[in-house]
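Data first, discussion second: the structure below is written as C-alpha cells.
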Amino acid sequence: MQPHKAEKNRIKNRLPQWEYLAFIAAVLLTFVLCVSVGTVRLPWSDVIHYFTDLLFGTDYEYAVSSAPQIMTVRVPRVICVALSGMSLALCGCAMQGLLKNPLAEGSTLGVSSGAALGAIIAIAFDIHVPFLSLAGPTVMAMLFAFGSIMLILFLAYRLDYSLSTNTIVLLGVIYSLFVSSIIMFITTFSSEKIRSITYWTMGSLQGSSYTEALILFTVLAVCASVILSKSEELNAFAIGEDNARSIGIDVRKTRLTILISVSALIGTCVSIGGSIGFVRLVVPHMTRMIVGPNHRRLLPATLFSGAVFLMLMDLIARVILKPRELPIGAVTSLIGAVLFVFIFAGTRRTHR
Amino acid sequence: MSLLELKNISVSYGDITVLKEVSLELESGDWLMVIGPNGAGKSTLISAIGGAAPYTGDILIGDQERTSMRSRDIARRIGTLNQSHSVGYSFSVRELVSLGRYPYRKGLIGGKDEDNERMVEEAINDVGLGAMADRSLLTLSGGELQRAFIAQLFAQDPNVLMLDEPTNNLDLVFQKEIFDLLREWVSRKDRAILSVVHDLGLARTYGSKALLLDKGTVAAYGCMDEVFSDAVINSAYGLDIRRWMSSLYSRWTD
C-alpha cells in the first residue's frame with residue numbers, strides 16, 4: 001500500500017500557479033550564467049551592463065575590456081541554445097502524449113534524419129545558397145525536413161487512411177534507417193569532408209547568429225501556440241486514442257495538426273543546431289515528474305525546463321575542456337542517458 | 001423520436017465481412033443487450049457507431065446522419081466505454097473525468113467553467129469515487145478504474161451509452177454495482193444504453209431489448225422474450241446454454 005500513498009502525495013504536491021514565475025526566474029538566471037561563463041569569464045556586472053547599454057545607450061567602463069565583443073558572440077548563441085532546448089523538449093513532450101508512449105520523441109517521425117541528410121548533402125557537395133545570410137547546410141536541412149514529413153505523411157495516408165500510431169512510427173523508423181544508409185554512402189564517397197560532416201552530426205550551436213535566433217523564434221512561436229492549444233486533446237491521447245475519439249476529438253485531424261507542428265519545429269532545430277539527442281526524451285520526463293502529466297501545465301513547463309537544460313548542457317560543452325569545445329550533442333546524450341536511467345528507475349518504483 | 005437508429009450497417013475489412021446489414025433502433029429508456037459468441041461482430045458494431053471502423057449503411061443519431069455531424073456533436077449524443085483501458089501516465093481521477101466535458105468546452109482556454117466542474121464532481125460522486133478524486137489512475141484497482149471511466153461518460157452526459165463488456169474482469173459484487181449504477185442512469189429522461197455483455201444471465205436481467213449476432217449477421221432482434229428462447233440462443237452458441245448455466249449453480253448448498 002506504500003506506493004499508493006506516495007503517488008497520492010505526489011499529485012497533491014504539484015506546484016501551484018506561481019511555478020511559472022519560478023520557471024521564468026530560472027531561465028533568466030541560467031541565461032545570465034551562460035553568457036558570463038566561458039573561455040573568458042565575465043563578471044556579472046559586465047553582463048548586466050551590456051544589456052543596459054544595449055537598451056538605454058549608456059556607456060559603461062567594463063571590467064573586462066573585451067566584454068562587448070565577447071557578448072556579441074555569446075548572446076545570440078545562448079539565445080539559440082535556449083530556443084532549441086524549448087523546441088526540442090516541447091516536441092518530445094507532444095509526441096510522448098500523442099503516441100501515448102514515453103519513449104517517443106521528435107525523431108520517431110524521421111524528420112530529424114531527413115534534415116540531417118539535407119545538411120550533409122550540402123556539406124559534401126559544397127552547396128551554397130545565394131542572397132541568404134544562412135549557411136547552405138541550414139537551408140538544405142530545412143528543405144529536406146519539410147520534404148521528409150510530406151513523404152512520410154503521404155505514405156502513411158496511402159497505407160492506412162486512419163493514420164494509426166503504429167503506421168506512423170513504423171514508417172518514421174524505417175525512413176530514418178533508410179536515410180542513415182544514404183548518409184553513410186555520401187560520407188564514404190566524400191572522405192575529405194568527413195570531419196565537418198561528423199562534426200555537424202554531433203550537433204553544435206557554435207557561431208549561431210541573430211538571424212538564426214529570429215528564424216527559430218518565429219517557428220517556435222507559431223508551432224508552440226498550435227501545440228499548446230491542443231493541450232486537452234493531448235491529455236486525451238495520452239489516456240488512449242479510443243478515449244479521445246469517444247469524447248469527441250477529431251482524432252485524425254488533431255493528430256495531423258500536431259505531427260506537422262512537431263515536424264516543422266524539429267526540422268528547424270536540426271537545421272540550425274544539428275542533431276542534438278536526448279533533450280526531447282529526457283526533459284519531458286523530468287518535467288512530468290515535477291508538474292504531473294496534465295498537458296495544460298506540462299507543455300508550458302517543458303518549454304522552460306528545456307531551455308534551462310540545454311543552456312546548462314551547452315555551458316558544460318563549452319567549459320569542461322576549455323579552450324576546446326565539445327559538441328553539445330555528445331554532452332546531452334552522455335548526461336541525458338545517465339539521467340534517463342535514474343528517472344526510469346524512479347518512475348518504476350512509484351508506479352509499481 | 002429514436003435516439004439512435006442503424007439501417008443496414010455492414011463492415012468489411014478487404015474481402016472479409018465482419019458485420020452484415022445490421023439494423024436497430026434505440027428509444028428513450030431502452031437498454032439493448034448485444035449478445036453472441038466470440039467473433040460475432042459485437043465489438044465491431046460498437047466501433048462502427050463510434051466512428052472507429054469504416055461502415056456502409058446509415059447511422060442516424062437523434063435524427064441527423066452521423067457522417068454530417070461534427071465529432072463534438074456526436075460526443076454530446078453518444079459516449080463509448082471501450083473494452084480495455086491501459087493508462088500510461090499518472091493522471092488523476094478528476095483529470096480523467098473532466099475530459100468528459102471536452103465536447104462542451106468553448107474556445108482555447110475555457111477550462112474553468114462552473115457548470116462543467118459541477119458535472120465532473122457529480123459524476124465522480126455518482127460512481128462512488130468521491131474520496132479518490134485526486135488519486136492517480138495508476139494506483140486504482142480494476143474495478144475503480146472502470147468506475148472512473150464510467151464517471152467520465154456520466155460527465156459527458158450523452159443520450160446513448162455504448163459499453164463494450166463493462167464488467168469484464170470484475171468480480172461479481174462490482175458487476176452488480178456497475179449494472180445497478182447503469183440501470184439508475186438509463187431510467188432518466190432521453191437516455192438509452194447499448195451494451196455488449198457476455199454473461200447472458202446479466203443480459204437477461206438488466207436488458208429491455210436484445211440483439212443476437214452470429215457470424216456477423218443478426219440471428220435475432222427484439223424484446224427479451226423473443227431473443228432469449230432456448231431455440232434461438234442454442235443455435236447461435238451451439239450449446240444448450242440454459243442447461244449448462246443452471247448446472248453451474250446446481251451444486252451449491254444452502
Side-chain angles (χ1 to χ4, degrees), chain A residues 1-14 93 96-97 99-104 161-162 164 225-226 228-254 284-285 288-289 292-298 347 350-352, chain B residues 46-47 50-54 69-105 107-111 131-141 148-149 152-153 155-156 158 161-162 164:
Chain A
M1 283 292 120
Q2 205 122 39
H4 284 212
K5 260 186 194 159
E7 194 68 28
K8 191 177 173 184
N9 288 340
R10 205 177 66 69
I11 285 182
K12 280 217 167 138
N13 288 342
R14 280 176 195 169
C93 190
Q96 287 169 10
L99 303 182
K100 196 191 166 182
N101 185 344
L103 292 175
Y161 184 70
S162 65
S164 79
S225 341
V226 174
L228 287 173
S229 76
K230 299 282 177 212
S231 303
E232 197 75 341
E233 284 84 348
L234 281 170
N235 282 343
F237 272 104
I239 283 167
E241 187 184 324
D242 288 336
N243 197 249
R245 187 179 288 111
S246 168
I247 61 168
I249 290 171
D250 190 334
V251 172
R252 250 165 49 91
K253 203 170 113 191
T254 308
H285 274 282
R288 199 176 288 115
M289 291 181 81
N294 189 339
H295 289 82
R296 274 176 189 284
R297 309 177 57 199
L298 177 59
T347 45
T350 45
H351 289 177
R352 285 293 149 107
Chain B
I46 286 194
S47 300
M69 296 172 75
R70 292 187 314 151
S71 38
R72 275 167 182 258
D73 294 331
I74 295 174
R76 293 183 189 194
R77 303 293 190 90
I78 297 185
T80 312
L81 184 71
N82 299 293
Q83 203 168 30
S84 62
H85 315 291
S86 66
V87 178
Y89 302 105
S90 66
F91 287 95
S92 70
V93 172
R94 185 177 284 114
E95 283 168 338
L96 174 75
V97 176
S98 69
L99 277 174
R101 299 305 293 168
Y102 175 82
Y104 302 92
R105 293 218 176 93
L108 293 178
I109 313 296
M132 301 186 189
D134 290 316
R135 277 267 294 270
S136 156
L137 296 178
L138 297 175
T139 67
L140 299 184
S141 71
F149 275 93
Q152 189 200 56
L153 277 181
Q156 193 177 331
L161 286 191
M162 291 201 298
D164 197 352

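Letters A, B, ... mirror the listed sequences (proteins, then strands); counts begin at 1. Being a predicted model, the structure only gives us computed values, none of them experimental.
- Between Y89(B) and A238(A), the shortest heavy-atom distance links the atoms CD1-CB, 3.7 Å.
- Contact of I74(B) with chain A is not made at all, since no heavy-atom distance falls under 4.5 Å.
- Within the model, atoms CG of N243(A) and CG of L153(B) stand 8.0 Å from one another, a figure rounded to the nearest 0.5 Å.
- The two atoms that bring I247(A) and G100(B) nearest to each other are CG2-CA, 4.2 Å, heavy atoms only.
- Nearest heavy-atom pair, S246(A) versus A75(B), reported as atom, atom and distance to 0.1 Å: O-CB, 3.7 Å.
- For the residue pair N235(A) and F91(B), the shortest heavy atom distance occurs at OD1-CE2, 3.4 Å.
- Contact detail for R245(A) and A52(B): the closest heavy-atom pair is NH1-CB, 3.4 Å.
- In this structure, the portion of N101(A) lying under 4.5 Å from any heavy atom of chain B is its backbone and not its side chain.
- Looking at T80(B) and D242(A), their side chains never come closer than 4.5 Å, going by heavy atoms from C-beta outward.
- Here the side chains of K253(A) and S71(B) are not in contact, with every heavy-atom distance at 4.5 Å or above.
- Closest of all the heavy-atom pairs between L99(B) and A236(A) is CD1-CA, 3.8 Å.
- Here R101(B) contributes atom CZ and E232(A) contributes atom CD; the two are 12.0 Å apart, rounded to the nearest 0.5 Å.
- Heavy atoms of L228(A) lying under 4.5 Å from chain B are absent altogether.
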